2 protein chains.
Amino acid sequence: MPRLDDVARAAGVSKATASRALSGADGVSAATRERVQRTAEELGFRVSGAARRLATGLTRTIGVLTPSVDRWYFGSVLHGVADAADAHEHDVLLYDLGVLGKGGHERFERFLRRGEVDGLVTITWSLGDRDLQRLAELRVPVATVGEPAERTRSFSLDDDTTGVLVTEHLLGLGHRDVLHVSSATEVQPFAASSSDRRATSYERTMAAHGLAARPIVTVPTTLVGAHAAAMALLERPDRPTAIVAGTDEVALGILVAAQQLGIRVPGDLSVTGVDDIPSAAAFGLTTVRQDPAQHGRDVVAWIMRELASPSERPDTSRTTYAPELVVRASTAPPR
Amino acid sequence: MPRLDDVARAAGVSKATASRALSGADGVSAATRERVQRTAEELGFRVSGAARRLATGLTRTIGVLTPSVDRWYFGSVLHGVADAADAHEHDVLLYDLGVLGKGGHERFERFLRRGEVDGLVTITWSLGDRDLQRLAELRVPVATVGEPAERTRSFSLDDDTTGVLVTEHLLGLGHRDVLHVSSATEVQPFAASSSDRRATSYERTMAAHGLAARPIVTVPTTLVGAHAAAMALLERPDRPTAIVAGTDEVALGILVAAQQLGIRVPGDLSVTGVDDIPSAAAFGLTTVRQDPAQHGRDVVAWIMRELASPSERPDTSRTTYAPELVVRASTAPPR
DNA sequence: CGCCGAACCGGAACCGGTTCCACTGTCGGG
DNA sequence: CCCGACAGTGGAACCGGTTCCGGTTCGGCG
């Protein structure tokens, strides 16, 4: 494996010049640079990242702390992060903390001990407020995506509006008896969790129309869990004419349950979700769209800016994305 | 930020001894080791990964090349890889090549130029055979998961049996007119792709029972795509009594289409899938279970073994996992 | 024609660990 | 009692880049 020294010698220059020529720094004549680059190419030279890191102190790596990546939302954010990082010639170091509680925190500790990154993005649910505080002390740009955070910069859907959007939509169709089904957060949230804020925005909207909000029903976040809970819910005698679900997974759980119980959607029941996961389209689910991959790209863009010109005091501002209502076949006027 | 030197000085030993003490190498008395470790702890010392890498030539990192991680299968494998890698104190470097064709290959080239890993796992669809060849020349353990590969070690579901399992199941229920719906592979496969082999195993099973296999129908891999195709398919007059789908996503697409067309499942139509994705349970889909996360853990275990004691010639053996039939409510005897 | 500065380049000092090798002291065996 | 083996330790040479600093060279200007 050829070293920089070899390239330098072969090109008839010093290591210093070879380094400058290859890294694109100036102080090298065009001719020399060209020659060095060609020799490097011929020799099949590859810079040693380790050596470069040691010398510069920069890793050209950004870390991602996330709950299990096998879930759509987290995977999507990660996909966006990877995409943008790659565009900036940076690597992505993945720390999958797994389902919270189950060893996730030890993994986090290991990251703190061992992780070397230039920037860090944490995805919703990964961490509690105290942990975020410790990250902030890491002296690298840290951002959270999926939930507004106190301690760090954050990128997230404007949850205060999602409830308004779907509820208004249903009320506009003539519904009066609208129930909100929220998904249980699996971890102690920072301040008010996404699901809480989505629920609150539903309640606010109902109140604004002089309607009584039904008590929020909370079900598991997974499709299976939501489905099981929905089976019980839909058989209650006081079934509403419309349900605002906190996420698409919950909404789909309800859809499946309804089908199995012979309740027609949207004839007997209207249902809305939030997220616009890929299967939502297939099921004709009316929902609120968000683009997690884009959030991922945006957070990387911010990190890169921060790396290029660090802001004096830690930037803890929040970016919220406007939700977009997507009307499909799961909502209709009540019978 | 304290350096090893500082720790050594504070503990009254040399850098050499401090290094040995902290890295767990022997040649240090228990007392000294304990003392050094305590001082390191007190000073908040963290080894510089960059320096360690430079000195040892080892990155303690394993790379993952994958198509978009926002899809369940890929995300699940990655989850398993991350889990196992963490257990072995290794980091995970993610290279999300994205949807193939769309710049994925340039990303691959970048990886080749820049990626420094001790071991590499590539997930199905990431690469063609020629690329795999180039990876094999990288002098690090390489394994493929999700599909048997010629050039590398591989871990995958035994696709030659999945078709047997579900087809036998349907025939056992009394079905005679069984159709196979396959999903289109998005990239040129190595040899015979998963979907091809699943299809073949269906055909073989039909033949073994003296039944005519219907021509294979191919639909897009995504739920939406499959759904659209299924809408047309199910309205044809020669609708079969049972459908063997190549994946759960396709199966769900069919399920949704059936529901919208008023075709009862399993009354009018039985449907099976493959994968046992999380939502399969909620939909009561009869399917073949596989555990991608486990494959991910296994591949890491292999890499670790290979790192500990490299085999002489490249190990290109294949591990195949026995598929497991999960019977749910989407299959029943034909009417 | 002489002087000055910009452009280019080389030498050498890092970056922070690991590891080979030589050295000391101690202990068991002959 | 002496010698060899061996455990424990320190010195120093790496690993492979980047970058500071100082030295040439050369063109332009007074």
Side-chain angles (χ1 to χ4, degrees), chain A residues 1-37 39-41 43-61 89 91 113-118 139-140 307, chain B residues 1-37 39-41 43-61 89 91 113-118 139-140 307:
Chain A
M1 190 100 290
R3 301 188 306 278
L4 182 65
D5 230 5
D6 304 324
V7 176
R9 210 188 328 280
V13 298
S14 70
K15 266 174 63 178
T17 302
S19 173
R20 283 187 282 254
L22 294 176
S23 70
D26 52 43
V28 192
S29 71
T32 307
R33 158 160 300 143
E34 217 277 325
R35 181 157 41 91
V36 172
Q37 282 173 340
T39 10
E41 187 73 29
L43 268 56
F45 170 76
R46 291 176 51 192
V47 295
S48 154
R52 185 203 292 259
R53 285 180 187 206
L54 185 55
T56 63
L58 261 39
T59 63
R60 291 173 162 275
T61 294
E89 296 270 317
D91 284 335
R113 189 174 317 286
R114 174 153 79 41
E116 291 180 313
V117 295
D118 287 347
R139 310 242 150 274
V140 302
L307 251 32
Chain B
M1 191 99 291
R3 301 188 306 278
L4 183 65
D5 231 4
D6 304 324
V7 176
R9 208 187 330 279
V13 297
S14 70
K15 264 175 65 177
T17 301
S19 172
R20 282 188 283 255
L22 294 176
S23 70
D26 52 41
V28 193
S29 71
T32 308
R33 157 159 302 142
E34 218 278 324
R35 182 156 41 92
V36 172
Q37 283 173 341
T39 4
E41 186 73 30
L43 269 55
F45 171 75
R46 291 175 50 189
V47 294
S48 154
R52 185 201 292 259
R53 284 180 187 205
L54 184 56
T56 63
L58 260 39
T59 62
R60 291 173 164 274
T61 294
E89 296 271 316
D91 284 334
R113 188 173 319 286
R114 175 153 77 41
E116 291 180 313
V117 295
D118 288 347
R139 308 244 151 275
V140 301
L307 252 32

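Residue numbering restarts at 1 for every chain, and letters A, B, ... go by the order of the sequence lines. Please read all numbers here as calculations on a predicted model, not as lab measurements.
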Review point. Rounded to the Å, how far apart are B/Arg3 CZ and C/dC14 P?
Key: 11 Å
Check your understanding: Just how far, in rounded Å, is C1' of D/dA12 from CG of B/Leu4?
Key -> 15 Å
**Study point:** Among C/dG16, D/dT9, C/dG10, the nucleotide that comes nearest once only the side chain of A/Ser14 is considered
**Key:** C/dG10
Check your understanding: Can we say B/Glu89 and B/Arg60 salt-bridge, meaning some charged N sits less than 4.0 Å from an Asp/Glu carboxylate O?
Key -> no
Check your understanding: For A/Arg35, does its backbone N or O pair with a side-chain atom of A/Thr39 as donor and acceptor, under 3.5 Å?
Key -> yes
Exercise for review: Quickly work out the B/Arg20 CZ to D/dA7 C1' distance and round it to whole Å.
Suggested key: 11 Å
Revision key, fill the gap. Of the listed D/dT18, C/dT18, C/dG17, the closest approach to the A/Thr56 side chain comes from D/dT18
Revision key, fill the gap. Whole-Å distance, B/Leu43 CG to C/dG16 P, equals 14 Å
Point to revise | B/Arg53 and B/Thr61: side chain donor to acceptor below 3.5 Å | key: yes
Exercise for review: Just compare C/dG17, D/dT9, D/dT18 and give me whichever is closest to any side-chain atom of B/Ala55.
Suggested key: C/dG17
Review point. What integer distance in Å separates A/Arg35:CZ from C/dC9:P?
Key: 8 Å
**Study point:** Among D/dG16, D/dA12, D/dT19, the nucleotide that comes nearest once only the side chain of A/Ala51 is considered
**Key:** D/dG16
Review point. Is A/Ser29 near enough to C/dA7 that one of its side-chain N or O atoms lies under 4.0 angstrom from OP1 or OP2?
Key: no
Exercise for review: Give a yes or no answer on whether the side chain of A/Glu116 reaches the backbone of A/Thr59 with a donor-acceptor pair at less than 3.5 Å.
Suggested key: no
Review point. Any side-chain N or O of A/Ser19 under 4.0 Å from OP1/OP2 of D/dT18?
Key: yes
**Study point:** Proximity to the side chain of B/Thr17 - top-ranked nucleotide from C/dC9, D/dT9, C/dC15
**Key:** D/dT9
Practice item. Mind calculating the distance between CG (A/Leu22) and C1' (D/dT18) to the nearest angstrom? Key: 12 Å
Review point. More 5' along DNA chain D: B/Val28 or A/Arg52, using each one's nearest nucleotide?
Key: B/Val28
Review point. Looking at the side chain of A/Ala16, which of D/dT9, D/dG17, C/dG10 is the nearest nucleotide?
Key: C/dG10
Practice item. Measure from the side chain of A/Lys15, starting at C-beta and using heavy atoms only, and say which of C/dG11, C/dT18, D/dT18 lies closest. Key: D/dT18
Point to revise | Side-chain N,O (B/Ser23) to OP1/OP2 (C/dG17) below 4.0 Å | key: no
Point to revise | Out of C/dT19, C/dC15, C/dG17, whichever nucleotide has its closest atom nearest the side chain of A/Leu54 | key: C/dC15
Review point. A/Thr32 versus A/Arg20: any side-chain heavy-atom pair under 4.5 Å?
Key: no
Exercise for review: Record whether the side chain of B/Arg53 comes under 3.5 Å of the base of D/dG16 through a donor-acceptor pair of N or O atoms.
Suggested key: no
Check your understanding: D/dC14 P sits how many Å from B/Leu58 CG, rounded?
Key -> 21 Å
Check your understanding: Considering only heavy atoms and no angle criterion, is a donor-acceptor pair shorter than 3.5 Å present between the side chain of B/Arg33 and the base of D/dG8?
Key -> no
Check your understanding: Is a side-chain donor or acceptor of A/Arg33 paired with a backbone partner of A/Ala25 at a separation under 3.5 angstrom?
Key -> yes
Study note, to complete from the structure: Whole-Å distance, A/Arg114 CZ to C/dG17 C1', equals 17 Å
